[in-house]
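Scope of the values below: all heavy atoms of this structure, side chains included, with no hydrogens, waters or symmetry mates. As the structure is a prediction and not an experimental result, all values here were calculated from the model. Just so you know, ligand 1 is whichever comes first in the structure, and atom 1 is the first atom listed for that ligand.
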Amino acid sequence: MTERIYNFSSGPAVLPLPVLEQVQRDLVALPGVGMSILEISHRSKTFESIIQTTVDDIRKLDGVGTDYHVLFTQGGASMQFSMVPMNLLLSGAAADYIVTGVWSKKAVQEARKVGAVNIAASTESDNFNRIPDEGEIKVDPQAAYAHFTSNNTIFGTEWKAEPAVGTLPLIADMSSDIFSRPIDVSKYALIYAGAQKNLGPAGVTLVIVRDDMLSRTPKGLPAMLDYNTYAKENSLYNTPPVFAIYVVGLVVRWIIEQGGLSKMHGRNQEKAALIYNQIDSSDFYRGHAVPGSRSLMNVNFRLPSEDLEKQFVSEATKAGLDGLKGHRSVGGCRASIYNAFPHQGVEALVSFMKEFERTHG
Ligand code: PMP
């Protein structure tokens, strides 16, 4: 088998090796079906069973109540930036957005095309190095909903608990930390997540929506932009991304087999702590996020100069540690260590960081 390197990419990102191996084993012909997952009809009994099992496993994994629909859409999390307000921002109302990074800003930008947006809090003046404190969040009790980004992929910050928004329906973009820890879905009106970080390949987006939200949707929306279309047709109104959903099913099953979300959370805490401890024990590395807001999924750090950062990334790549360059809007380095990222890969990075500091510090 071709040797695998450690992939720190922020997404599409590393998938669990047993999942890739199963996809490879079953790619030419699904057992008992005799056709590839890439070839079967989305109306076949086989695919109906795959999508249903995936939905059932997601419900089981995170205790999703029967008053929620579990849907698969396309268009990435970016399409949800539009679908959320198109479906839920009633005419004449405003929505509250908490801005903690580039992706929250994009969500605001799209919502403003549909209706009025209040910025309930923003940490932009601190270059998004933290999550706002409870006292900073100013919600409008009349707002249609409150939206936040649970993990800020680019800046490496993460909410440790849901923002306090009173009785407003709470909506979260969980693209980069879905199923990295237990989530109390009952606190949310709607959750969405592009699959390509913690759930599977690019091309599918998970939406978990409470039933009462579906009745808010205005009449006359384009079918593909209306959550009701997906809810009524079990995400099979048109041809869904069959392969991507199949892989999401395998990833969710893998998480269950690993012991579920608490187990994942424990592992993710251990992995992230190794890198943060290295950052904290040296003057050479500086973390971007303030300690109380640090993400378990994306660890951002700086070196003493941009030249050293370039050298770090390029030598790390040669050492089999790929994808450590930070996003252009924040610079520096970023290690994305989602659920499927192996513990040994984090240990390899920490050894590399020590050695790089010894030779360049
Ligand atoms: N939200 C977050 C938190 C993200 O990290 C990303 C992608 N990196 C997006 C939204 C946009 O996702 P997509 O590319 O699936 O539209």
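Regarding atom 16 (O) of ligand 1, its nearest protein heavy-atom neighbour is Ser78 OG, 2.6 Å. At the shortest separation from atom 12 (O) of ligand 1 among protein heavy atoms lies Ala77 CB, 3.5 Å. If you check which protein heavy atom lies closest to atom 1 (N) of ligand 1, you get Asp173 OD2, 2.6 Å. Residue, atom and distance of the protein heavy atom nearest to atom 11 (C) of ligand 1 are Trp103 CZ3, 3.5 Å. In terms of protein heavy-atom proximity, atom 5 (O) of ligand 1 is closest to Thr153 OG1, 2.5 Å. Nearest to atom 8 (N) of ligand 1 among the protein's heavy atoms is Lys197 NZ, 2.9 Å.
Note: no N/O pair closer than 3.5 Å links Gly75 and ligand 1 by distance alone.
Around atom CD of Glu134, no more than 12 heavy atoms belonging to other residues, nucleotides or ligands sit under 6.0 Å away. The number of heavy-atom neighbours closer than 6.0 Å to CD of Gln311, taken from other residues, nucleotides and ligands shown, is above 12.
Contacts between Tyr192 and ligand 1 below 4.0 angstrom, taking non-hydrogen atoms only, are absent altogether. Of all the heavy atoms of Met79, none lies under 4.0 Å from any atom of ligand 1, so neither backbone nor side chain is involved. Under 4.0 Å from ligand 1, the heavy atoms of Ser175 that appear belong solely to its side chain. Contacts with ligand 1 closer than 4.0 Å are made by side-chain heavy atoms of Gln196 only, the backbone lying farther away.
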* To do: Apply the test salt bridge (charged side-chain N to carboxylate O under 4.0 Å, His left out) to residues Lys318 and Glu315: give CA-CA distance (whole Å), side-chain angles for both, the deciding distance (0.1 Å), then the verdict.
  => CA-CA 5 Å; Lys318 284 189 205 126; Glu315 289 183 23; over 6 Å; no
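Interatomic distance, Phe301 CZ to Ile275 CD1, rounded to the nearest 0.5 Å: 7.0 Å. Of the inter-residue distances, the one linking Met213 atom CE with Ile171 atom CD1 reads 7.0 Å to the nearest 0.5 angstrom. Between Ile131 atom CD1 and Asp126 atom CG the span is 11.5 Å, to the nearest 0.5 Å.
Here Asp57 pairs with Lys60 in a salt bridge; the nearest charged N to carboxylate O distance falls below 4.0 Å.
A heavy-atom separation below 4.0 Å is found between Asn151 and ligand 1.
Ring geometry for Phe243 versus Tyr246: interplanar angle of 30 to 60°, hence tilted.
Atoms of ligand 1 found under 4.0 Å from any heavy atom of Phe81 (numbered from 1 in listed order, with element): 10 (C). Using a 4.0 Å cut-off to heavy atoms of Gly76, the atoms of ligand 1 that qualify are 15 (O), 16 (O).
Ring centroids of His147 and Tyr97 are separated by less than 6.0 Å, placing the two rings close together.
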